[in-house]
Amino acid sequence: MGIISVEHRGNLYWLGRYEERVYTTLHSFFGYYDITLDKDKNSYRNFLNSLEIEDSYGDYKGFIRGFLFDKADGSSVSAAFHSAYDNAMVIRNTIGSEALAYIQLAMDVFHSARDTKNLRLALMPVMDYLLAFWGSIDDKLFDGEARTIIKGGKLVERLDLYFRFNYEHKLINSEYEKLCHILARAPKGLCNTQHLAILVEVMAVENSYKERQEEVLDSLGKLFEGHAV
Amino acid sequence: MEMTTTAALEINKLMTRYGVKFGIYKNGEFIEQLFPYDAIPRIISKQEFDFLNKGLVQRVNALNCFLQDIYTNGNIVIDKVVPEEFVYISKGYLPECRGIVPPGGVYSHISGIDLVQAKSGEWFILEDNLRIPSGASYPLIARELSRIGNPDAFSDNDIAENRHYSDMLSNTMDSVNCGGLNVILTPGRYNAAYFEHSYLAERTGALLVKASDLVVENAVLYLENYLGVKARVGAVYRRMSDEYLDPMTFQADSLIGVPHIMDAYRAGNVALINAPGNGVADDKGIYYFVPKMIKYYLNEEPILSNAPTYLPYYEDDLKYTLDNIRKLVIKDVSEAGGYGVVFGSDLTEERLSDLKALIKREPRRFISQEVIDFIDLDVMGEDGSRVPRKADLRAFVLTGVSTRVWPSGLTRFSRVEGSFVVNSSQGGGFKDTWVLSR
């Protein structure tokens with residue numbers, strides 16, 4: 001067993017969550033962005049509804065400016081990016097300078113996209129760098145316990161967002177299976193597996209999560225409870 | 001050495017990519033910024049380095065002897081080589097460390113010795129940093145990235161390898177380790193040198209820890225994991241000041257220290273790198289006495305010279321300082337980081353007069369030095385032109401089983417034309433330091 005302190009564990013877990021929050025939020029955002037091009041300028045409101053965020057942005061332009069790039073807005077992608085970076089930089093010695101550099105590169109491209117006319121194109125390298133980050137984690141993070149924690153955080157966040165965005169059962173199930181695989185290999189005491197029961201129940205019946213979303217999200221959040229940073 | 005603007009830009013892009021930063025506090029706010037890097041290296045010939053190497057090893061060995069003496073018998077004071085006013089009432093002297101001989105008898109494991117080269121070519125020691133000297137990580141990563149950004153420079157020149165600093169540091173930790181893990185203790189994310197803490201942890205394989213991760217039981221230091229399992233710690237490369245290290249021994253309101261870590265240290269169960277209490281030996285006042293220490297402890301002539309220095313504590317030096325203040329640089333011995341340094345030539349008559357009065361009132365608080373017109377090094381301007389800027393050199397000397405000088409160093413330069421202030425906290429930049437291998 002590695003020597004991973006309480007705080008270090010929290011940093012690993014929340015790095016996984018924030019990185020994934022940026023990635024999946026942007027991924028989902030691109031779908032709504034496409035709709036706004038020629039179909040519905042207000043589709044961003046559905047996006048906000050899914051995330052239970054009040055529309056304080058006024059209009060679509062305000063939404064882009066605020067939700068994506070306003071670091072002071074705690075719900076923004078920018079804020080999630082900074083939180084990911086803050087957690088990553090304190091564990092450089094675990095994840096490695098290369099993985100940290102991918103976050104830095106992704107952030108730099110993200111911020112420079114703010115004034116571009118072709119937002120989607122400008123943000124594509126952000127997704128590339130985030131995937132490279134995970135590639136680096138898979139390839140270079142030799143401490144299995146640390147890898148389990150960071151990937152646990154990633155999958156918890158991904159499932160959380162997939163549930164919120166009502167992704168299809170097949171997709172959710174595939175991520176759920178990955179999470180189970182991770183938990184099966186986790187050292188004893190790493191996860192509060194009793195909170196898995198609701199998830200197991202819900203996933204057994206297709207689409208039942210739509211009625212029980214609140215319970216499911218609550219359970220997911222508690223899987224690694226007590227180590228928030 | 002040719003350095004194209006393109007290569008310099010590439011290297012700086014890599015520095016951004018790898019987050020080579022340092023933090024400063026401005027108006028109470030922590031700001032993290034890239035450490036300005038100039039890709040034109042400082043070059044030191046092999047012959048010159050061999051000379052510096054001997055002088056630096058000699059100096060650090062004498063300083064280690066001094067620390068052991070001061071915290072045990074105090075012979076150098078008894079023999080009146082160093083006046084006791086410069087030792088026992090120094091802010092850096094810690095009575096709590098009296099009688100403690102650290103593992104291996106080493107006090108200053110990592111010494112940062114600041115030097116300048118005068119226009120005559122002669123090197124002078126400006127300052128000894130024996131507490132927690134920082135900066136080695138910057139030329140270390142700069143070398144790694146320069147080899148990517150400007151590979152031809154390394155094929156075309158015979159440059160001594162500097163990337164083994166992490167091995168030197170690991171060996172130093174191992175040599176004094178009392179059994180257990182090597183850890184780097186950081187005050188946290190908002191420390192100016194946090195990049196260095198995390199980068200050195202990555203490179204050495206030591207664990208980067210905060211005080212909250214550590215616990216002392218029965219005078220043994222442990223690192224506790226998230227399940228409460230404890231692993232013994234044998235060496236702590238601590239990157240926080242003495243006063244914050246242990247709230248039970250030093251500053252009681254320190255929230256970043258480890259309660260009772262001094263008990264483990266006193267019992268010989270853990271090595272603290274560097275040893276607490278080293279401040280007594282790198283005080284600007286004690287600097288004056290280092291050549292005397294070399295003679296006293298090693299019975300050798302000093303190889304490297306101090307900058308000509310006067311101690312107003314002595315009547316003759318006080319008179320000289322007051323009579324010549326306009327051409328001298330005056331340093332407040334209690335300040336660091338380039339603060340508390342004033343050039344007599346920069347002061348108005350009124351301020352000179354105030355300063356003279358202060359020196360007369362508190363002579364122990366100041367030293368005065370002749371201004372060394374140290375050399376300018378070329379720095380690349382934004383348009384690719386070369387401009388001369390003042391630069392110093394921080395050499396890193398590591399002591400474990402033996403004392404070794406890292407064949408590189410942190411060259412800091414002023415970004416303001418004509419200015420002698422090179423400190424990063426005051427806007428200075430840095431260069432890699434190439435030691436030629438033949």
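Throughout, a chain's letter reflects where its sequence line sits, starting with A, and its residues are numbered from 1. What you see is a predicted model; the values in this text were computed from it and never measured.
Heavy-atom pairs under 4.5 Å with chain A peak, among Ala201(B), Ser198(B), Ala231(B), at Ser198(B).
Formation of a donor-acceptor pair under 3.5 Å by the Glu202(B) side chain with backbone atoms of Ser97(A) is found in this model.
For Tyr199(B), the parts lying under 4.5 angstrom from a heavy atom of chain A are both the backbone and the side chain. For chain A, no part of Leu200(B) is nearby; none of its heavy atoms comes within less than 4.5 Å. Only the side chain of Asp108(A) comes within contact range of chain B, with at least one heavy atom under 4.5 Å from a heavy atom of that chain. Proximity to chain A is limited to the side chain of Glu32(B), based on heavy atoms less than 4.5 angstrom apart. Contact annotation for Tyr129(A): neither backbone nor side-chain heavy atoms come within less than 4.5 Å of a heavy atom of chain B. In this structure, chain A has no heavy atom under 4.5 Å from any part of Lys230(B).
One distance of note links CG of Leu190(A) with CG of Leu227(B); it measures 7.5 Å at 0.5 Å rounding. The structure places CZ of Arg17(B) at 11.0 Å from CG of Leu100(A), a figure rounded to the nearest 0.5 Å. Taking CE of Met89(A) as the start and OH of Tyr194(B) as the end, the distance is 6.0 Å to the nearest 0.5 Å. Atom NZ of Lys13(B) sits about 11.0 Å away from atom CG of Leu105(A), to the nearest 0.5 Å. Atom CD of residue Glu224(B) and atom CD1 of residue Ile4(A) lie 14.0 Å apart, to the nearest 0.5 angstrom. The line from NE2 of His8(A) to CG of Leu223(B) is 10.0 Å long, rounded to the nearest 0.5 Å.
Within a 6.0 Å radius of CG in Asn218(B), other residues, nucleotides and ligands contribute 12 heavy atoms or fewer. When the shell of 6.0 Å around NE2 of His27(A) is examined, it contains 12 or fewer heavy atoms from other residues, nucleotides or ligands. Enclosure of atom CG in Leu34(B) by more than 12 non-hydrogen atoms of other residues, nucleotides or ligands within 6.0 angstrom is indicated. The local environment of CD in Gln194(A) is crowded, with over 12 non-hydrogen atoms from other residues, nucleotides or ligands closer than 6.0 Å. Residue-environment remark: CE (Met124(A)) stays at or below the threshold of 12 foreign heavy atoms within 6.0 Å. Within 6.0 Å of the OH atom in Tyr33(A), the count of heavy atoms belonging to other residues, nucleotides or ligands exceeds 12. Surrounding NE2 of His181(A) are at most 12 heavy atoms belonging to other residues, nucleotides or ligands under 6.0 Å away.
Of all non-hydrogen atoms in Ala206(B) and Asn93(A), the two that sit nearest each other are O-ND2, 4.0 Å.
Under the 3.5 Å distance criterion, with hydrogens and angles disregarded, no donor-acceptor pair is assigned to the side chains of Thr16(B) and Gln104(A).
By the 6.0 Å and 45° rule, Arg92(A) does not stack over the aromatic ring of Tyr18(B).
Residues Ile149(A) and Tyr226(B) form a side-chain contact, since some pair of their non-hydrogen atoms from C-beta on lies under 4.5 Å apart.
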